[in-house]
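Below: the structure, in structure tokens.
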Amino acid sequence: MKRITSKKQLTIYGCAGLGVNMLNLVVGSYLCSALLVGGFEDHIESWTYLNKDLVVAAVWSVFVFLAKALDGIIDLPLSSFADRLNTKFGRRKTAILMGFIPMIISYLLFLVPVTPEETIANTIWFGVVLCIFYASYTLTMLTYYATFSEICQSEQDTVYLSNIKSICDVVYFILGYALIPVFISMSINIRIVALIFLPLCLTMLIPFFLLKENDDDEKSVRALTLQTALVTAFKNKPFIYWMFTSSITAIGLQLFLGGINEVFSSTGLNMTVVMASSFVPVPFTIFLYNRIVNKKGLGFGYRYVLSLFSIGMIVMLICNLFGNQMSKGLLTAIAICGGVVVSFAIGTFFSVTYTVPTKLAQKELETTGKSVATMLFAVQGLFEGIAAGIATGFILVSLKHNDCIFLLPIIVVVCCMIALVMSFKFDKTISLMGKDGEK
């Protein structure tokens, strides 16, 4: 693989995943919810496909869980598949293409119900298409991330590329959670909105122009089996304890991302303003978080953001329960304050999923000589997939079906408090991670 040394090209390359991640957000946070009317009160005809239930809630919750779990389980075999490819076109380009095309097709198919009624046929159809989408999305993005270490010439270039990717993450979150509600308020149906954002996926064509592969000169990669990865990872007790703790946090985070629109549906708030307040400050709040970690360590920093996220959820619960008793200006001001508080946690929840496995993999390499980074990230993907399935499959669908979406912030707070208590038992390797003076 030819290295990319130009900062301009690295910047462009860091933007490649923006569109694909945006499609994933649209599917997970909007289209899945749009199949059931439960939880929506305003603009129901725009938030949902046909202003009616199209899937059987109980069965659909199982399919969503399976799709999310598959998204985690399939990480390792797909990574192995992408590493073992040997084509003249280039193994990375080929793997991206093999994921990209079915991802777009399944995205479009997800917009088309089999029948205009609530049927098992619709439920099975959307469930199968969702699994195909997540599998192809995973292959596309796994391959893209795998190229980071191959195209960067130095550690500084790797950090620079990662920072560009982080900025793009903030951008697509703002587009997803701040701009989409604007389209809905204009009575544009969510399926049309999904098509509006579809052209963004063309950013994934960037690697086809910038990657210079020559597989004849590259050594074949020996992929580890799933069994080997699981055995090695599960022997790492600090990592597994971290996984259980972060998975509980992930349930709360996925509930927030997947159901916040329903929570605010009856308040009449401008969701663009509220969601922008939750995501725009993220770069600044991550900077503050890093300062805290440098002084106190990751354990303290993690408890800090869990506490703030809980406070933000309580503020949003107040807006949901008492919004009709407040003036529009006061309600908006309180919601914005809640969003800003939430922003202190959102970016951190994503960043620690890279930091902790990387540091633990480095320690494993130093103490045992085993390179286990891929294993730990694969197992983390498994835990995250199951957590997301529980959150958006079972809990969110149940809340919507039983018309008690107002309970969502309470469940998020409970998850945060459980994770906060568990964090006191972190291994010192994790608890003191990032603290100045600590190795």
Side-chain angles (χ1 to χ4, degrees), residues 17-40 43-44 46-49 55 60-61 63-65 67-68 71 103 106-107 110-111 126 129-130 133-134 137-138 141 168-185 188-198 200-201 250-265 269 271-272 274-279 282 313 316 339 342-343 345-347 349-350 384-385 387-400 405 408-409 411-412:
L18 189 152
V20 173
N21 280 330
M22 183 65 195
L23 297 194
N24 183 53
L25 184 150
V26 171
V27 171
S29 296
Y30 291 101
L31 297 185
C32 286
S33 289
L35 302 177
L36 293 166
V37 299
F40 294 113
H43 302 292
I44 301 178
S46 298
W47 280 118
T48 60
Y49 278 23
V55 294
W60 175 238
S61 67
F63 269 112
V64 173
F65 171 77
K68 291 286 187 178
D71 188 29
M103 182 191 68
S106 57
Y107 182 83
F110 200 84
L111 301 176
F126 285 118
V129 173
L130 186 63
F133 175 83
Y134 279 136
Y137 163 81
T138 298
M141 293 307 295
C168 290
D169 289 344
V170 175
V171 170
Y172 85 78
F173 271 119
I174 293 174
L175 290 175
Y177 293 109
L179 185 57
I180 287 181
V182 173
F183 288 119
I184 298 299
S185 66
I188 301 176
N189 188 268
I190 190 63
R191 288 195 285 176
I192 303 300
V193 175
L195 291 175
I196 291 174
F197 285 103
L198 180 59
L200 270 179
C201 71
I251 291 175
L253 179 61
Q254 290 299 323
L255 278 175
F256 167 74
L257 296 176
I260 197 64
N261 297 298
E262 287 93 326
V263 172
F264 282 115
S265 177
L269 282 169
M271 286 302 294
T272 299
V274 175
M275 297 312 293
S277 68
S278 299
F279 290 99
V282 165
M313 289 297 99
M316 293 185 177
V342 166
S343 73
I346 291 178
F349 288 153
F350 288 110
E384 289 178 346
I390 292 173
T392 59
F394 293 135
I395 300 177
L396 183 58
V397 171
S398 178
L399 291 176
K400 287 165 62 65
I405 196 71
L408 186 147
I411 298 175
V412 174

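Below, each value reflects all heavy atoms present in this structure, side chains not excepted, and no hydrogens, waters or symmetry copies. The structure displayed is predicted, hence computed values, not measured ones.
Residue T48 holds its OG1 atom at 10.0 Å from CD1 of I190, rounded to the nearest 0.5 Å. Taking CD1 of I411 as the start and CD1 of I251 as the end, the distance is 10.5 Å to the nearest 0.5 Å. How far OG of S61 is from CG of L36: 9.5 Å, rounded to the nearest 0.5 Å. Summarising the geometry, atom CE belonging to M103 is positioned 9.0 Å from atom OH belonging to Y137; distances are rounded to the nearest 0.5 Å. One finds the CD1 atom of I180 at 12.0 Å from the OG atom of S185 (value rounded to the nearest 0.5 Å). If you take OH on Y30 and CG on L25, they are separated by 6.5 Å, rounding to the nearest 0.5 Å.
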**Report entry** Audit row: L23, L198, side-chain contact (heavy atoms from CB on, under 4.5 Å) steps and yes/no
**Finding:** CA-CA 7 Å; L23 297 194; L198 180 59; 4.0 Å; yes
Requested in this report: Could you please spell out the steps behind the side-chain contact (heavy atoms from CB on, under 4.5 Å) verdict for F63 and V55?
Outcome: CA-CA 11 Å; F63 269 112; V55 294; over 6 Å; no
Requested in this report: Assess whether side-chain contact (heavy atoms from CB on, under 4.5 Å) is satisfied between V129 and Y107, documenting all intermediate values.
Outcome: CA-CA 8 Å; V129 173; Y107 182 83; over 6 Å; no
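Legend: residues meeting side-chain contact (heavy atoms from CB on, under 4.5 Å) with S46, ordered by chain and number and at least two apart, are H43, I184, S187. In this structure, the side-chain contact (heavy atoms from CB on, under 4.5 Å) partners of I192, at least two apart in sequence or on a different chain, are I188, N189, I196. Among residues two or more places apart in sequence or in another chain, the side chain to side chain donor-acceptor pair (under 3.5 Å) test is passed with N24 by none.
Contact detail for Y172 and M22: the closest heavy-atom pair is O-SD, 3.5 Å. The two residues V26 and A194 make their nearest non-hydrogen contact at CG1-CB, 4.0 Å. G176 and P181 make their closest contact through O-CD, 4.0 Å (heavy atoms, listed as atom of the first residue, atom of the second, distance). Closest of all the heavy-atom pairs between S343 and S277 is CB-O, 3.9 Å. When all heavy atoms of R191 and L111 are compared, the pair lying nearest together is NH1-O, 2.8 Å. The minimum heavy-atom distance between A391 and Q254, with the atom names listed, is CB-CB, 3.7 Å.
With contacts defined as side-chain heavy-atom distances shorter than 4.5 Å, the pair L408/M316 does not qualify.
Checking each of Y134, F133, F126 against F110 for a ring-ring contact (aromatic ring centres under 6.0 Å, His included) leaves exactly one that passes, namely F126.
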